[in-house]
Trainee: 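Quick one: structure below, then a few questions.
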Amino acid sequence: MVTGNWEKPVVVALPGFARREVTGPFEALALLSEGWPTMAGAPFIKAKISCKAALEDRITPEQARRDFEKAAREASRFLS
């Protein structure tokens with residue numbers, strides 16, 4: 001399992017949740033699995049799949065980062 005960090009962390013600041021800096025797919029997958037405000041929707045599902053794939057070295061960590069950012073944007077809109 002690869003646990004490499006992203007070149008640049010993703011700052012997640014969702015309404016009603018603590019601001020958090022996520023540094024790689026391992027942290028992102030943990031957050032998506034245990035502390036995500038809405039566990040539904042295509043971006044959320046794709047982000048979980050992508051982070052797992054990055055940890056298994058099937059895609060690059062940066063690909064997973066892009067999908068995680070999309071899930072964060074969707075969650076932010078859902079909570080607003």
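By convention here, the first residue in the shown sequence is residue 1. Here the structure is a predicted model, which means the values were calculated and not measured.
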Trainee: Would you check, one step at a time, whether the test side-chain contact (heavy atoms from CB on, under 4.5 Å) holds for Phe26 with Asn5?
Mentor: CA-CA 8 Å; Phe26 183 81; Asn5 288 341; over 6 Å; no
Trainee: Salt bridge or not between Arg65 and Glu69? Use side-chain N to carboxylate O under 4.0 Å.
Mentor: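 A salt bridge links Arg65 with Glu69.
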Trainee: Looking at every non-hydrogen atom in both residues, tell me the closest pair between Met39 and Glu34 and how far apart they are.
Mentor: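 Closest approach of Met39 to Glu34, heavy atoms only: CE-N, 4.2 Å.
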Trainee: Applying a strict under-4.5 Å side-chain criterion to I, L, V, M, F, W and Y, I'd like to know whether Val10 and Ile59 cluster together.
Mentor: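 Val10 does not cluster with Ile59.
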Trainee: Excluding sequence neighbours, so at least two apart, what forms salt bridge (Lys or Arg N to Asp or Glu O under 4.0 Å) with Arg20?
Mentor: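 So Arg20 forms no salt bridge (Lys or Arg N to Asp or Glu O under 4.0 Å) with any residue.
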Trainee: CD/Glu7 to CD/Glu62 distance, rounded to the nearest 0.5 angstrom?
Mentor: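 The distance works out to 4.5 Å.
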Trainee: Would you give the length of the straight line joining atom NZ of Lys52 to atom OG of Ser33, rounded to the nearest 0.5 angstrom?
Mentor: 10.5 Å
Trainee: Quick one: does Gln63's side chain have a donor or acceptor within less than 3.5 Å of a partner on Thr60's backbone?
Mentor: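 Yes.
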Trainee: Is there a donor-acceptor pair closer than 3.5 Å between any side-chain N or O of Glu74 and the backbone N or O of Gly41?
Mentor: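 No; judged by distance alone, with no hydrogens or angles, the pair does not exist.
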Trainee: To the nearest 0.5 Å, tell me how far Phe44 CZ sits from Phe68 CZ.
Mentor: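 It is 10.5 Å, given to the nearest 0.5 Å.
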Trainee: Backbone N or O of Ala72 within a donor-acceptor pair of the Ser76 side chain at under 3.5 Å?
Mentor: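 Such a contact is absent between Ser76 side chain and Ala72 backbone.
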Trainee: Please examine the side chains of Leu31 and Trp36, heavy atoms only from C-beta on, and report whether any two atoms are closer than 4.5 Å.
Mentor: yes
Trainee: Please determine whether residues Val11 and Leu29 belong to a single hydrophobic cluster, defined as Ile, Leu, Val, Met, Phe, Trp and Tyr linked transitively by side-chain heavy-atom distances below 4.5 Å.
Mentor: no
